Amino acid sequence: MSEIKKIKPALSKGTRDFLPVEVAKRNYIFDTIKSVFRKYGFEEIETPAIERMETLTGKYGEEGDKLLFKILNSGDFLKDVPKEELAAANSQSTLKYIAEKGLRYDLTVPLARYVVQHQENLAFPFKRFHIGPVWRADRPQKGRYQEFYQCDADIIGSTSLLNEVELSMIYAEVFKALGIDVLIHFNHRKVIESLIAVIDKPGFSELIVSCIDKLDKVEWDKIESELHAAGLIKSETDALYNSIIVKADTLWCEEDIRANAAGEEAHKDISVLLKVIGSSIPNLVYNGRLARGLNYYTGIIWEIVLDKSSVANNNISMGSLGGGGRYDNLTEMFGAKNMSGVGISFGIERIYDVMEELNLFPATISQGVKVLFIPREEEMEEFAFQQAHALRCDGIAAEVYLGNVKKQKHFKYIGDKHIAYFVEVGGDEKASGKFRLRNVQTRDTQSDLTLKQLIQLLQ
RNA sequence: GUGGCUUUAGCUCAGUUGGUUAGAGCAGCGGUUUGUGGUUCCGCAGGUCGUGGGUUCGACCCCCAUAAGCCACCCCA
């Protein structure tokens with residue numbers, strides 16, 4: 001025997017293993033969301049984890065490019081690098097020669113590629129959902145990983161505001177089904193646009209959006225000094241304060257906002273949204289402070305937060321559980337124009353944490369098989385196996401504990417896997433064809449059951 | 001990219017001002033006990049104390065370097 005080198009078992013930074021019970025809980029969330037999506041006519045798609053680097057680069061800004069996971073070319077990855085490039089030893093400019101592929105950074109850019117590439121074969125408006133892992137070479141921290149799941153639903157190729165209505169309804173329905181009390185905040189990018197026009201600082205729009213976005217976490221004083229440092233004067237920051245803090249709840253209706261063409265357009269959109277929804281979604285609330293960091297949004301935007309006024313959510317502090325919005329020209333960079341889209345996203349990892357904290361997972365999801373057959377002796381295993389198989393043929397989940405072990409092992413196994421019943425199988429049972437069924441929880445015992453009776457009882 | 005903290009058994013962690021042979025609980029394995037139920041008790045196995053230097057008669061402990069992980073910024077989900 002050659003010596004086996006021991007390797008310390010460890011994960012790559014920012015990644016996780018999931019225990020069976022965790023996978024069951026995650027699937028519960030996925031299945032709940034999927035069933036709502038399907039009910040509204042969304043179809044599931046898949047795309048590869050690996051995309052060509054040219055598909056990925058330049059879509060997420062300079063920061064985003066740095067956070068892309070690159071895949072080293074197979075084989076002799078240095079053979080295509082020009083000599084002068086090698087000599088220069090510039091890792092940035094050498095990159096394109098040694099890494100042609102990368103891991104997807106989100107599900108949105110792959111969607112844009114997908115839609116353009118398959119447009120002849122898709123039914124428009126194209127309503128799809130996509131759940132899958134994405135990868136970012138970010139520094140991990142609490143609730144942030146290098147590999148995590150995104151869960152998106154988008155409608156491509158329709159400008160109707162009824163799409164926004166539909167997505168609002170989906171948000172409401174999903175969180176209701178999961179049992180989480182949330183507020184569905186919404187705003188309109190053109191309200192923000194108009195606000196920036198009102199204070200006449202067009203060059204600062206990105207900064208202002210990012211400051212508004214931070215309002216929930218950072219004190220106004222700090223934001224104000226950041227804006228002053230950037231060159232805004234006191235009267236301008238005061239005007240901003242008046243709008244996004246004082247009038248945040250009614251910003252879309254304010255006269256100075258509506259005086260602007262963009263503001264008026266936003267007013268019209270929001271009016272339609274509210275009129276159609278009426279009182280059917282009471283937790284859909286306007287929030288003039290909502291901006292969302294991503295700069296491709298052009299219309300209605302959403303963000304989901306825990307409802308602090310709900311008694312259930314006692315003192316849980318948690319960022320947004322989802323977000324989305326309308327974007328124009330998503331597909332333009334892949335050569336298809338005039339494809340407006342609107343989409344929403346669910347923050348699975350945070351939803352999981354909230355549900356864990358509030359104990360919202362139903363107890364049934366961690367349940368194992370219905371019944372465990374325990375052979376009393378090793379010679380009984382085959383007979384027990386046949387009985388278990390008979391149960392399975394009638395749709396009852398059953399297992400046989402194989403291996404000659406101590407009794408306490410059996411019960412540990414039953415407990416660990418949350419098995420509901422057990423049947424011990426020995427020579428007597430084999431000879432008589434009668435079994436004794438015991439309920440693990442209640443300890444109720446039913447004796448002298450034929451296999452047929454056993455099946456009937458468990459069905 | 002910036003800063004802080006941590007690193008001792010598979011996991012969670014003790015470890016005295018620097019002193020011989022590094023400990024516990026959980027998990028694993030074996031036995032024991034329980035008048036057919038997760039129990040009790042006992043034992044076994046498992047560690048180059050992240051790594052590399054240094055100080056010292058002597059280092060898990062002090063110093064330097066380095067790596068990894070976590071946490072907080074930036075940014076984002």
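Chain naming here is simple, since letters A, B, ... match the order of the sequence lines and numbering starts at 1 in each. Treat the numbers as computed from the prediction; the structure is a model and nothing was measured.
In summary, of the residues considered (Gln150(A), Arg144(A), Arg26(A)), a side chain to side chain donor-acceptor pair (under 3.5 Å) with Glu349(A) occurs for Arg26(A) alone. Partner of Trp135(A) under the side-chain contact (heavy atoms from CB on, under 4.5 Å) criterion, out of Phe148(A), Tyr105(A), Tyr145(A), Phe69(A): Phe69(A) alone.
Counting only N and O atoms by type, the side chains of Asp328(A) and Tyr296(A) include no donor and acceptor under 3.5 Å apart. Between the side chains of Arg438(A) and Thr445(A), at least one donor-acceptor pair of N or O atoms lies under 3.5 Å. No donor-acceptor contact under 3.5 angstrom links the side chains of Tyr401(A) and Glu381(A), judged on distance only.
The pairing partner recorded for rG3(B) is rC71(B), the criterion being a Watson-Crick or G-U wobble arrangement whose two distances lie under 3.5 angstrom. A 3.5 Å limit on both hydrogen-bonding distances identifies no Watson-Crick or G-U partner for rG35(B). Figure legend. rC61(B) is base-paired to no nucleotide; pairs are counted as Watson-Crick or G-U wobble with both atom distances under 3.5 Å. Pairing for rU21(B) is absent, with no Watson-Crick or G-U wobble pair whose two atom distances lie under 3.5 Å. Both distances falling under 3.5 Å, in either a Watson-Crick or a G-U wobble arrangement, place rC29(B) opposite rG43(B).
Spacing of P atoms, rG54(B) relative to rA24(B), comes out at 33 Å, to the nearest Å. Taking atom C1' in both rG46(B) and rC5(B), the straight-line distance is 29 Å, to the nearest Å. rC13(B) and rG50(B) are spaced 15 Å apart, taking the P atom of each and rounding to whole Å. Only the C1' atoms considered, rG28(B) is 25 Å distant from rG15(B), to the nearest whole Å. Only the P atoms considered, rC63(B) is 10 Å distant from rG18(B), to the nearest whole Å. For the P atom pair drawn from rA59(B) and rU21(B), the interatomic distance equals 11 Å after rounding to whole Å. Separation of the C1' atoms belonging to rU20(B) and rU2(B) is 46 Å when rounded to the nearest angstrom. With C1' as the reference atom, rC62(B) and rC49(B) are 16 Å apart, rounded to whole Å.
Listed for the Asn287(A) side chain is no donor-acceptor partner under 3.5 Å among the backbone atoms of Asp249(A). Remark: side-chain polar atoms of Lys59(A) are not paired, donor with acceptor, to backbone N or O of Val109(A) under 3.5 angstrom.
Shown here, rG35(B) is classed syn by the O4'-C1'-N9-C4 or O4'-C1'-N1-C2 angle, which is within 90° of 0.
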Does the protein touch nucleotides 69-77 of chain B at the base, only the backbone, or not at all? Give it as B, S and - per nucleotide, heavy atoms under 4.0 Å.
SSBSBBBBB
Summary of protein contacts for nucleotides 30-38 of chain B, nucleotide by nucleotide, where a base hit scores B, a sugar-phosphate-only hit scores S (4.0 Å, heavy atoms):
-BB---BBB
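Atom NZ of Lys409(A) is separated from atom CD1 of Ile414(A) by 13.5 Å, given to the nearest 0.5 angstrom.
Salt bridge status for Arg113(A) with Glu51(A): present, with a side-chain N to carboxylate O gap under 4.0 Å.
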